[in-house]
Amino acid sequence: MILKNKKGLILGALDENSIAWKVAEQAKKEGAEIVLSNTAMAIRMGNIDELGKKINSPVIAADATSVDELNDLWKSTLNHFGSGVDFVLHSVGMSPNVRKRIPYQELDYNFLNKTLDVSAISLHKLLQTAWELNAINDEGSVIALSYIAAQRTFSGYSDMAEAKALLESIVRSFGYHYGRKNKVRINSISQAPTNTTAGSSIEGFGDLYTFSEKLSPLGNPDAQACAEYCISLFSDMTRGVTMQNLFHDGGYSSMGMSEDLMQEIEKCLMKK
Ligand code: NAI
């Protein structure tokens, strides 16, 4: 019960594969009370209502790119708990360029704006609206989900790479301001490839998944493992950690080559 008496807001649970779904379930198990949110469309198309019933949490519709809707979300959350929240999960991402398989060299700039707004600037909007309403308690913890394409080029990740780089920068910049004001800590978790709706929309996801799996000494940690890592960062055990991008990738980010991957490549060369 590491989150006993804590209250949290979780954005981005769509279905049982979503990382946010696993985080919500695990946070509940650890004693927290939760408010869930997603877009009205995602609530209609996904199963989030089912999750809400299971963990006894209200589900509140909000588009994370709309300041007005985020304001309403915070007000409803404050009203529900009768106080601010102790933790926030931003598990939101989407690129129309990726969805429509538009090559990186031919990006549609309206779509690029949308990618950046949904996948990165929404974190700033979420924090700015929280700041104005004093909606995050002192020593609260905020996590956003990122990917290593913020630092290195992955051919199929397209403009989501720019979005993740911006997201990680917002984590640092807002982490400074919120840390000084309320000792609120803000970190991103750079998660391994994970089989979810957002993950599998990336071109070549299956190969990317196998590549990471073979390169990392621990293999790809799954959504449940990611959820458990999130819980540790929401807990008081990590109250000195802020403004960090934390790799949760089984060691992938420190690897150059592994025996497993080499064997895989040899197998492919033998076939030729
Ligand atoms: P998911 O598809 O289950 O979750 C993405 C969520 O973003 C959905 O619930 C969707 O409704 C929500 N969303 C999209 N537009 C929104 C908007 N305008 N307002 C509010 N919510 C909106 O997939 P997953 O994998 O759980 O994604 C969660 C986060 O993890 C994303 O930021 C993703 O980029 C990140 N991530 C995922 C990895 C993967 O391989 N699946 C790897 C590293 C990071």
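The basis for the numbers below is simple: all heavy atoms, side chains too, and nothing from hydrogens, waters or symmetry mates. Atoms within a ligand are numbered from 1 in the order they appear, just like the ligands themselves.
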Worksheet item: Which pairs with one or both residues in residues 91-104 pass side chain to side chain donor-acceptor pair (under 3.5 Å), sequence neighbours excluded?
Response: S95-T115, S95-D159, N97-D159, Y104-E162

Discussion item. Enumerate the side chain to side chain donor-acceptor pair (under 3.5 Å) contacts for residues 211-223, please, sequence neighbours excluded, ordered by first and then second residue.
Written reply: E213-N220

Practice prompt. Check each protein residue for a heavy atom under 4.0 Å from ligand 1 and list those that pass, ordered by chain and number.
Written response: G12, A13, L14, S18, I19, N38, T39, A42, A62, D63, A64, S91, V92, G93, V118, L145, S146, Y147, M160, K164, Q191, A192, P193, T194, T196, T197, A198, G199, F205

Discussion item. Can you tell me how the ring of H177 sits relative to the ring of F174, calling it parallel under 30°, perpendicular over 60° and tilted otherwise?
Written reply: perpendicular

Worksheet item: Does a side-chain heavy-atom distance below 4.5 Å link L215 with D260?
Response: no

Response to the item:
Residues passing the ring-ring contact (aromatic ring centres under 6.0 Å, His included) test with F154, sequence neighbours excluded, are Y147

Worksheet entry | Q224 and Q26: CA distance, side-chain angles, deciding distance, side chain to side chain contact (heavy atoms under 4.5 Å, CB included) verdict | CA-CA 8 Å; Q224 177 59 29; Q26 195 63 31; 2.8 Å; yes

